[in-house]
Structures are given as structure tokens and as C-alpha cells.
Amino acid sequence: MHWQKDAQCGQARAGWLHTRHGSVPTPTFMPVGTVGTVKGITMDNVRATGAGIVLGNTYHLMLRPTAERVQRLGGLHRMMDWPGPILTDSGGFQVMSLGPLRKMDEDGVTFRSHIDGSSHRLTPESSTDIQYKLDATITMAFDECPALPATKDALEASMERSMRWAARSREAFIARPGYGQFGIVQGGTEQDLRERSALALRKIGFEGYAIGGLAVGEGQELMFSTLDYTTPMLPEDQPRYLMGVGTPDDLLGAVMRGCDMFDCVMPSRAGRTARAYTERGTLNLRNARFAEDTRPISPEDDSPMAGRYSRAYLHHLFRANEMLGPMLLTLHNLAYYQRLMRQIRAAIVAGTLEQTAAELRQNWAKGDWSEDEWPMPRYQQG
């Protein structure tokens, strides 16, 4: 597995991630398929949005249906009908989020299932083995993700433990052509801790490097300032993955600071709660003003649902608690995120990212299109 850079504009990079399960253009956004499904839509739908890689989760899949069963069923690719690349989160974030249900020691974490209370244990070795059984294209090192704010002493102890776990994860990883493992930089928003973490991971050596421990409550400004000094610490010739981010503006700012890969539940979760991401910001389709609005969500929409469903119909579906509403809006939002990634990538290649970024942010701030400025939709042109 390797990453190839095609173009650079400022700190932003455009490239290709080549894997055993196909090649993916970067920057790229990975839809979250936590338990082997992107909630509410089929993998044909996911493919139709333009997504090239999806995410699964070790913690959830080890509990149900279990990694061993997934392996017997031919691996996660076959089971969920996704032949393309799959990145699996190591489970560390989910385990750390369990609070009193988990107990951590130097070797790993013992925790109780949120499903039935049964006891389980994750270590760097077992997490890596589970991801192998899932047939993850990209395996993540097992780490501890502390919540912010936290004291520097706590962040330092957590980061050092994560680096020891990273070394053990790497030793347990079974290398195969076209597969890879990413280490995860930790250290909160402390520059010296981030530097020590990045150096430790580079010394171990991975196929890619993730930036963890952000988008956990620190705010966008602090996240961006942390990225300003963290991404330059990572290898120029390997992919950089910012975990758990984020809004369209988060993605744009992170790409401009040198990040290549992203995942977040935000577009699918928003779709289930009637929020639509568009070139003019976010629309809440539960609002009464959409009850007789016959326009589609966006004139820029190039998703599989482009022009087929009015805002009024979607408003009705959500007011009637019909499952089709969340399904359609999830599809719309994921398609918008992929469209945004393609637009940003094209701007990097053209060398016009600063101008494109300014235009994107200006349009997001304008709010919904008025009737007078509604352009002819793309799907009606020509």
C-alpha cells in the first residue's frame, strides 16, 4: 500500500492512495459504516455518491457479530458488499468513551459491553488481530484517546502509553501486499507532546499516520492551530488521516493544513435528524417554511436523488416519521461531502485552493437560495 502525490497547493495535497482493494483519490472522506453498514442506505447507494473507501469499527464488530464470524463469512468486504478499501478504527476511542464500564492498565483495557454487560478485553495485539480477521485494508494502531480538556500530565501519560501500544500494534501486524497500518499521533493540544508522539511513530514506521485526539470538544480554532504544527511533523510521502472530522468547513481547513483523509458520522447523523448540507449551508427540513417548497434541496445536487424529491416531500417524510426521509437525506449529505472533496481536489490540482476556499465559505455564510437567485439545476442543464 502506498500514497502518491499528484499536486500541492500551499500545504494541501492531492494524491492517490493505492491499496489491495483499489485506488482512492485524496483528499477523501470516508463514510462511517460502524457495524458493517452505513446507516439507512445500501452500499450501492454509497458507491453512487462517489465514495471510494469506508470505515468500520473493531469495538462494535468484535461484540456483534464477532470478528470470528465475520471471518467465516468471508471478511467484511464480502459481508457488507464493499469490495473497495476499508479502514477499521481500532476500538480505542469507543472503549475510552465507556467511562465506568472500562478499566485500563498497561497491557490493555477490560470493559463491559454496552449491549449486554458482558466482560471483554482489548489489547494492542487483540485489536490488531481482530482487524486482521475483519480483513481491514487499513488497520489502526490501538491507542488511548483522552477527552479534552485534560491536564498536561494526564495528556503526557496517555500519549506515552499510546506510543508503547503503537509499537506493540506494529509488532502484531501481519504485513500483506496492498494492506497497511496507521499509527496515531496523540498529545492533546500540547505542541511538545505532539512532536514527541510523531517522532516515536516515525521511528516505529507505518504506512500512514493519523492525527487523533482532536474534534473532542476543543473547538475549531484550537483544532486548526494544533494541525498547523502537527502535520509538518509527519512524512511528506505518506497519507495523513485526521480522525473524526467533521463539518464541511472543518474538512476544508484541515485539507489546507495538509490532511488527506477524513471520517465522521456527521453527514449521516444529520441526515437522520432532517439536516441537509448544501453549498449554502445547512437546512433543517423539519422547518415549516419547507412545507410547500417544491424545489429540490440544492440546484448543485449531482447525487442519485438529484431533482427527484422536493423539499416539501422530504419535510412531509420527517413530519410523518417515515424511514424514507432519513434514508434520502443521508444519501444527499454523503453525496455532498464527496462533491466537496472533488471540488477541493480539483482546486489543489489547478492551484486555486485559496480562491475556492474563500468562495465556499462565502456561499456557506449566505444561507439558503432565494427564489430570485435560484439557478437552473445541473440536472436540467443541456
Side-chain angles (χ1 to χ4, degrees), residues 1-3 5 11 13 15 17 19 26 30 55 58 87-93 95-96 104 106-109 122-129 131-132 136-146 148 150 152 154-175 179-216 223 226-245 254 257-263:
M1 190 190 80
H2 69 283
W3 179 79
K5 182 169 73 172
Q11 295 300 310
R13 299 119 55 90
L17 180 66
T19 81
T26 63
M30 299 179 283
L55 181 142
T58 294
L87 180 149
T88 47
D89 193 342
S90 70
F93 177 81
V95 169
M96 300 309 159
M104 184 169 56
E106 179 59 29
D107 185 58
V109 184
L122 268 178
T123 67
E125 293 79 11
S126 67
S127 171
T128 305
D129 179 61
Q131 294 176 80
Y132 173 81
T137 315
I138 299 175
T139 295
M140 298 304 298
F142 190 61
D143 69 332
E144 178 187 357
C145 182
L148 296 179
K152 186 170 183 178
L155 290 172
E156 182 175 25
S158 174
M159 182 275 291
E160 289 179 342
R161 181 183 294 110
S162 288
M163 296 308 98
R164 293 191 293 272
W165 286 358
R168 289 167 55 190
S169 296
R170 189 58 173 172
E171 187 174 347
F173 178 71
I174 300 174
Y179 290 78
Q181 185 182 42
F182 285 16
I184 305 174
V185 180
Q186 291 289 355
T189 55
E190 302 291 339
Q191 183 169 349
D192 59 326
L193 298 184
R194 289 280 177 181
E195 183 173 7
R196 285 165 54 189
S197 179
L199 289 172
L201 293 175
R202 294 184 67 163
K203 185 176 180 180
I204 296 167
F206 291 90
E207 283 72 40
Y209 296 84
I211 301 170
L214 293 177
V216 289
M223 178 179 73
T226 304
L227 291 176
D228 284 333
Y229 58 71
T230 301
T231 51
M233 301 172 183
L234 302 178
E236 276 283 335
D237 60 347
Q238 289 175 286
R240 302 164 178 164
Y241 163 32
L242 178 58
M243 305 180 74
V245 173
R257 289 163 173 81
C259 297
D260 309 300
M261 301 171 64
F262 307 90
D263 80 282

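Note that these values count all heavy atoms, side chains included, but never hydrogens, waters or copies made by symmetry. From a predicted model like this one, the values you see are computed outputs, not experimental measurements.
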Any heavy-atom pair between the side chains of [Y] and [X] that's under 4.5 Å?
X: Y241; Y: L87; answer: yes
X: M261; Y: W3; answer: no
X: L201; Y: F206; answer: yes
X: T230; Y: L214; answer: no
X: E190; Y: E156; answer: no
X: E106; Y: R161; answer: yes
X: Q131; Y: Q181; answer: no
X: T226; Y: I211; answer: no

Exercise. Considering residues at least two apart in sequence or located in another chain, which fulfil the side-chain contact (heavy atoms from CB on, under 4.5 Å) criterion with Q191?
Worked result: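 Y229, M233.
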For this session: Only counting residues at least two apart or in another chain, list the ones meeting side-chain contact (heavy atoms from CB on, under 4.5 Å) with P235.
Result: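 Listed in chain order: R202, Y209, D237, Q238.
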At their closest point, which heavy atom of [X] faces which heavy atom of [Y], and how far apart are they?
X: G183; Y: A141; answer: CA-CB, 4.2 Å
X: R194; Y: G188; answer: NE-O, 2.7 Å
X: V185; Y: S197; answer: CA-OG, 3.4 Å
X: L234; Y: A198; answer: CD2-CB, 4.1 Å
X: C259; Y: L227; answer: SG-CD2, 4.0 Å

For this session: Please test D260 against K5 for salt bridge (Lys or Arg N to Asp or Glu O under 4.0 Å), starting from the C-alpha separation and ending with a verdict.
Result: CA-CA 10 Å; D260 309 300; K5 182 169 73 172; over 6 Å; no
Exercise. Of the options L55, I184, T88, which is the one that meets M140 in a side chain to side chain contact (heavy atoms under 4.5 Å, CB included)?
Worked result: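 Of the listed options, the one satisfying the test is I184.
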Problem set entry | Candidate pair M163 and R196, rule side chain to side chain contact (heavy atoms under 4.5 Å, CB included), full reasoning | CA-CA 9 Å; M163 296 308 98; R196 285 165 54 189; over 6 Å; no
For this session: Report the distance from atom CG of L155 to atom CD of E160, rounding to the nearest 0.5 Å.
Result: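 Taking CG in L155 and CD in E160, the distance rounds to 11.5 Å.
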Exercise. When rounded to the nearest 0.5 angstrom, what distance separates CG in L122 from OG in S90?
Worked result: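 Nearest 0.5 Å value for the CG-OG distance: 8.0 Å.
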Problem set entry | D228/R257 ion pair, N-O < 4.0 Å | yes
For this session: Before accepting this row, confirm whether a basic side-chain N of the pair R168/D107 lies closer than 4.0 Å to the acidic partner's carboxylate O.
Result: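 Salt bridge: yes.
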Any sub-3.5 Å donor-acceptor pair from [X]'s side-chain atoms to [Y]'s backbone N or O?
X: T58; Y: D89; value: yes
X: R170; Y: G205; value: yes
X: T128; Y: P124; value: yes

Exercise. Strictly by modelled atom types, are Q186 and S162 linked by a side-chain donor-acceptor pair under 3.5 Å?
Worked result: no
For this session: Determine the sole option in F173, W165, F182, F93 for which the ring pair (Phe, Tyr, Trp, His ring centres under 6.0 Å) test with F142 is passed.
Result: W165
Exercise. Around Y179, counting heavy atoms of other residues, nucleotides and ligands shown, do more than 12 lie under 6.0 Å from its OH?
Worked result: yes
